[in-house]
There are 2 protein chains.
Amino acid sequence: MAKTSQAAGLHRASLAKLHELDAALELMYYGWRGMTLKADAYLAKQGLSRPHHRILYVVARRPDIAIGALIEILGISKQALNRPLNLLLERKLLTSKRSPEQHRSKLLRLTEAGRRIEQRASDHERQALREAFERVGASGAAGWMGVMEAIADNN
Amino acid sequence: MAKTSQAAGLHRASLAKLHELDAALELMYYGWRGMTLKADAYLAKQGLSRPHHRILYVVARRPDIAIGALIEILGISKQALNRPLNLLLERKLLTSKRSPEQHRSKLLRLTEAGRRIEQRASDHERQALREAFERVGASGAAGWMGVMEAIADNN
DNA sequence: GCCTCATGTCAACTATATTGACTTGAGGAT
DNA sequence: ATCCTCAAGTCAATATAGTTGACATGAGGC
């Protein structure tokens, strides 16, 4: 699917800072890229990409989730979910079966192969976080979490 | 251009945590979204989107940048740059003129209107950061920067 | 006059999303 | 049985964001 991602500022561009917070703003951008770079490269090797990983990630943490609930969590339309989801089913990374009571909905689960890929992709991301946390120590990590929570809830 | 972005996990989904660092992993995702949410909404009102903002952001910090250098920094192909750049020129948010010595290259600058839009969009992002930094104090902010730098340089 | 280089443009393709309209298949209710 | 609802699936059209490849233009340099 996705081509191996381009240089795309592999080297953080040095731009003049017009505001005090410009450095932080750019760090958010490059931080996101730094965290996802290796995971995306791994996924590309498997013929998968970010949307597939998002599906695998959620299903891993919500076994037997129904399709409607998955759509809600991912925040995309069912048509947008359709392609990547079917690919994952065809490749037998996911299974779907009808619920015993609620026959209307289909329940999704990871297969062993799906679990393995989800683990490896997420591990690349966690590894980037782990190294960074180790470098700054526990108090820095706590600060990072606090800031990210505040930003995440900024609605 | 972009439709007003969907709910898309406006409420951070509560998923079981399979690993210690899953919470941090999700925070990176929601943090990025939290920072860009209002900026994207503002840009959409102006009929612009993230790529346009990226161009405006860089040109604001590198006045008289040539197109080739802009392509390098953004990490996209000239063909991909073409559409958003021409829109910005048509809408007179950017000007281009040939360099006095280096007549081969074109130099880009923001117009007043372009500067205003760049400022407002980036302000939405900086505001999210500012509030978060205020909430956690200087040491938390320093921790955040340290972690993000480590992740950004994780190549 | 030719070569190079920066820019511009055309075409075809891929991937990720959207909205709208419609179908299918399973249960529930009368 | 028939009708209604609901979850899921599918088809079509569109937008956005990117890619490669090929080729055109226009300004200097030699």
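Every chain is numbered from 1, with letters handed out A, B, ... down the list of sequences.
If you measure from atom CG of A:L81 to atom C1' of C:dA17, you get 12 Å, rounded to the nearest angstrom. Going from atom CD1 of A:I71 over to atom P of C:dT19 covers 12 Å, rounded to whole Å. Rounded to whole Å, atom C1' of C:dT16 lies 10 Å from atom NE2 of A:H52. As a whole-Å value, the separation of B:N86 CG from C:dG8 P is 7 Å. Computed from coordinates, the A:N82 CG to D:dA12 C1' distance equals 13 Å when rounded to whole Å. Rounded to whole Å, atom C1' of C:dT7 lies 12 Å from atom CG of B:L107. Following rounding to the nearest Å, B:R83 (CZ) and C:dG8 (P) show an atom-to-atom distance of 16 Å. Whole-Å rounding puts the B:K78 NZ to C:dC5 C1' distance at 10 Å.
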Report all side-chain donor-acceptor pairs from residues 61-69 of chain B shorter than 3.5 Å, counting only partners two or more places apart or in another chain.
| unit_1 | atom_1 | unit_2 | atom_2 | d |
| --- | --- | --- | --- | --- |
| B:R61 | NE | A:D22 | OD2 | 2.8 |
| B:R61 | NE | B:Y57 | OH | 3.4 |
| B:R61 | NH1 | B:Y57 | O | 3.0 |
| B:R61 | NH1 | B:E118 | OE2 | 3.0 |
| B:R61 | NH2 | A:D22 | OD1 | 3.4 |
| B:R61 | NH2 | A:D22 | OD2 | 2.9 |
| B:R62 | NH2 | A:S14 | O | 3.2 |
| B:D64 | OD1 | B:R109 | NE | 2.9 |
| B:D64 | OD2 | B:R109 | NH2 | 3.1 |

Donor-acceptor pairs are to be reported for all side-chain atoms of residues 86-94 of chain A against protein atoms at under 3.5 Å, with residues two or more places apart or in another chain.
| unit_1 | atom_1 | unit_2 | atom_2 | d |
| --- | --- | --- | --- | --- |
| A:N86 | ND2 | A:N82 | O | 3.4 |
| A:N86 | ND2 | A:N82 | OD1 | 3.0 |
| A:R91 | NH1 | A:Q46 | O | 3.0 |
| A:R91 | NH2 | A:Q46 | O | 2.8 |

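Using a 4.0 Å cut-off on heavy atoms, the residues of residues 55-68 of chain B that approach DNA chain C are B:A66, B:I67, B:G68, listed by number.
When the side chain to side chain contact (heavy atoms under 4.5 Å, CB included) test is applied to A:A142, no partner is found at least two apart in sequence or on another chain. Residues satisfying the ring-ring contact (aromatic ring centres under 6.0 Å, His included) test with A:F133, not counting sequence neighbours, are A:W144. Scanning for side chain to side chain donor-acceptor pair (under 3.5 Å) contacts around A:R115 gives A:E112, with sequence neighbours left out.
A side-chain donor from one of B:Q127 and B:R130 sits under 3.5 Å from a side-chain acceptor of the other.
Within the structure, a side-chain polar atom (N or O) of B:S77 is placed less than 4.0 Å from OP1 or OP2 of D:dT19. Taking side-chain N and O atoms only, B:K106 has a distance below 4.0 Å to OP1 or OP2 of C:dG8. In this model, the phosphate group of C:dT16 is approached by a side-chain N or O of A:S49 to a distance below 4.0 Å at OP1 or OP2.
Each of B:Q79 and B:P84 has a nearest nucleotide on DNA chain D; the 5'-most of these lies closest to B:P84.
Judged by distance alone, the side chain of A:K17 and the main-chain N or O of A:L15 form a donor-acceptor pair under 3.5 Å.
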